[in-house]
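Contents: one structure, followed by commentary.
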2 protein chains.
Amino acid sequence: MIILDESKKILSESQEDYLKQIYLLIEDPQGIVGTQALAERIGVAPASATAMLHKLRALGLVHYAEYRGVSLTESGRKVALELLRHHRLLESFLQTALGYGWEEVHDEAERLEHYISETFETRMALWLGEPEFDPHGDPIPNADLVFPVVRTETSLTKLGAGFEGQIVRVATQDRDELNLLSHLHLLPGRFVKIAESGSNGVRLNVLNVDTSRQGNHFLIPLSLAARIFLQEGQPS
Amino acid sequence: MIILDESKKILSESQEDYLKQIYLLIEDPQGIVGTQALAERIGVAPASATAMLHKLRALGLVHYAEYRGVSLTESGRKVALELLRHHRLLESFLQTALGYGWEEVHDEAERLEHYISETFETRMALWLGEPEFDPHGDPIPNADLVFPVVRTETSLTKLGAGFEGQIVRVATQDRDELNLLSHLHLLPGRFVKIAESGSNGVRLNVLNVDTSRQGNHFLIPLSLAARIFLQEGQPS
DNA sequence: CTTTAAACTTAGTCATGTATAAATAAAAGT
DNA sequence: ACTTTTATTTATACATGACTAAGTTTAAAG
Ligand SMILES: [Mn+2]
Ligand SMILES: [Mn+2]
Ligand SMILES: [Mn+2]
Ligand SMILES: [Mn+2]
């Protein structure tokens, strides 16, 4: 549905998802991703991915050399960022405006990101007050597809006991994990203090929750703690 | 995207649009519609419609006999109403919640109606306060797909000079017509008095608009007047 | 009735996105 | 280097939804 500047060409939901997944699979800005990993992520056979890569290359959306891997061209990257903006604005909007539960937003956004118009995008952003981060704490590219300035965020596993800071990102889409974190008040915005940090997990005190629930001593397993990011600071 | 109760089968956007247009083209509850009219409405060649009708019949969604025309089965009708509910809730929501212009809502709703979930539908309805009519004045089936009780509405062309009533429906999706009506304050909810009704059109006085614009004597052509519906009554 | 026109369906193609099976290239192991 | 394993591509096929051209049915006129 996203319309390319140049020829006003319209991409299919499939094509868009390939571009988005290529973007997300490439960590380093200069990296490439292989056919297998891509196919696996999209949920198709490797041969199907190869076929699609030929088409995307013909459209000028990817750099792709047979057997060597794939990366995005400038216009391919724009499509991916456009989608990312739609997705993250949608997650914010569904939660804030429509009262969606924390775990319900992802699937809906995954589908709708391909079908909302630029007008819809603009109006959501306006309604939300041009947010820079979504409910997970993930950065939202602005209308010109530029990311907000990065915050200094550090994974829970890299901080020691006694550290005080604010949760700024929770890098998981898993429903159960999100429900757990939601229950424990461990969502972006919360201020916490690390009570204990060991090899089997991390214990936190939530600082700005009513005193009756203060002594929050649940042990967060390392696998999850690694995906919770803090920024130093105290509640204002 | 709409999921059939029985086999959890998912319909394509195309299939859904066929069912919806069959529904809209059949005025009488017991009527049928021909291949040509249907094809024209969808924007495909008649042969393409024939092919699709075979598929929809195989899915148990339409009654269809070659050369004799098509109508909806009970489950086909449910899909059509489901879509209609999505469409009309979306139009209301885009306008009320997101500040869409009167003419912008239709195209967006036409696409999104196929991709929103039942959750999205439910939340929109809640946000809007379970509305029974959309911004055009068209009735919205409730969650059980039952229409609200019909209002007594009469086309402008069937009423004489001096009649006072409230606009309850504006049966057009045309952007220019909608813009015009919007400018003239002739939208559902307004109270008007018929100033003149002749063979070249109808002139209205808008009753509850500031006095400076009272003498609204624009001539509404009959073709448009026929699609404006009033209910008798005075402003409260 | 028979002829003609309109509506409709069938037959044969095409584009898109997927799949499996077989072939080939690249990487790893010895 | 040679061999084996793994990644990837090619060849072929299938489903969907569209098209055009040609044939068929039905309805309207004479
Ligand atoms: Mn998606
Ligand atoms: Mn956009
Ligand atoms: Mn539609
Ligand atoms: Mn629904």
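Below, chains carry the letters A, B, ... as their sequence lines are ordered, and counting in each starts from 1. Keep in mind that this is a model prediction, so the values were computed, not measured.
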Distance in angstrom units between A:Glu13 CD and D:dT16 P, rounded = 18 Å
remark   = Contacts of A:Glu66 meeting side chain to side chain contact (heavy atoms under 4.5 Å, CB included) (sequence neighbours excluded), chain-then-number -> A:His54, A:Arg57, A:Tyr64
query = What is the distance from CD1 of B:Ile10 to P of D:dT16, rounded to the nearest Å?
reply = 14 Å
task = Tell me, please, which residues at least two apart from A:Arg151 pass side chain to side chain donor-acceptor pair (under 3.5 Å).
result = A:Glu153
remark   = Its 5'-most and 3'-most nucleotides having an atom under 4.0 Å from a non-hydrogen atom of chain B, DNA chain C is contacted over C:dA7 to C:dT10
Distances for protein N or O near nucleotides 18-21 of chain D N or O, under 3.5 Å:
from, atom 1, to, atom 2, distance (Å)
D:dA18, OP1, B:Ser14, OG, 3.0
D:dA18, OP2, B:Tyr18, OH, 3.4
D:dC19, OP2, B:Ala45, N, 2.7
D:dC19, OP2, B:Ser48, OG, 2.4

Polar atom pairs (N or O), protein with nucleotides 5-7 of chain D, under 3.5 Å:
from, atom 1, to, atom 2, distance (Å)
D:dA7, OP2, A:Gln36, OE1, 3.1
D:dA7, O5', A:Gln36, OE1, 3.4

Pairs flagged by side-chain hydrogen bond (donor to acceptor under 3.5 Å, both in side chains) wherever residues 37-48 of chain B is involved - sequence neighbours left out = B:Gln21-B:Arg41
task = Would you list the pairs meeting salt bridge (Lys or Arg N to Asp or Glu O under 4.0 Å) in which at least one residue belongs to residues 10-20 of chain A, sequence neighbours left out?
result = A:Lys20-A:Glu110, A:Lys20-A:Glu113
message = For residues 126-160 of chain A, which residue pairs pass the ring-ring contact (aromatic ring centres under 6.0 Å, His included) check, not counting sequence neighbours?
response = A:Phe93-A:Trp127, A:Trp102-A:His136
request  = Please tell me if the side chains of A:Leu90 and A:Phe120 come closer than 4.5 Å, counting only heavy atoms from C-beta onward.
outcome  = yes
task = Please identify each residue that fulfils side chain to side chain donor-acceptor pair (under 3.5 Å) with B:Thr157, with sequence neighbours left out.
result = B:Ser155
Distance below 4.0 Å between A:Thr50 side-chain N/O and D:dT10 OP1 or OP2 = no
task = Return the set of residues passing side chain to side chain donor-acceptor pair (under 3.5 Å) with B:Arg88 (not counting sequence neighbours), or none when no residue passes.
result = none
query = If you look only at pairs with a residue in residues 29-53 of chain A, which of them pass as a ring-ring contact (aromatic ring centres under 6.0 Å, His included), with sequence neighbours excluded?
reply = none
Whole-Å distance separating the CZ atom of B:Arg68 from the C1' atom of D:dT24 = 13 Å
message = Just to verify, what does B:Tyr100 make a side chain to side chain donor-acceptor pair (under 3.5 Å) with, not counting sequence neighbours?
response = B:Glu108
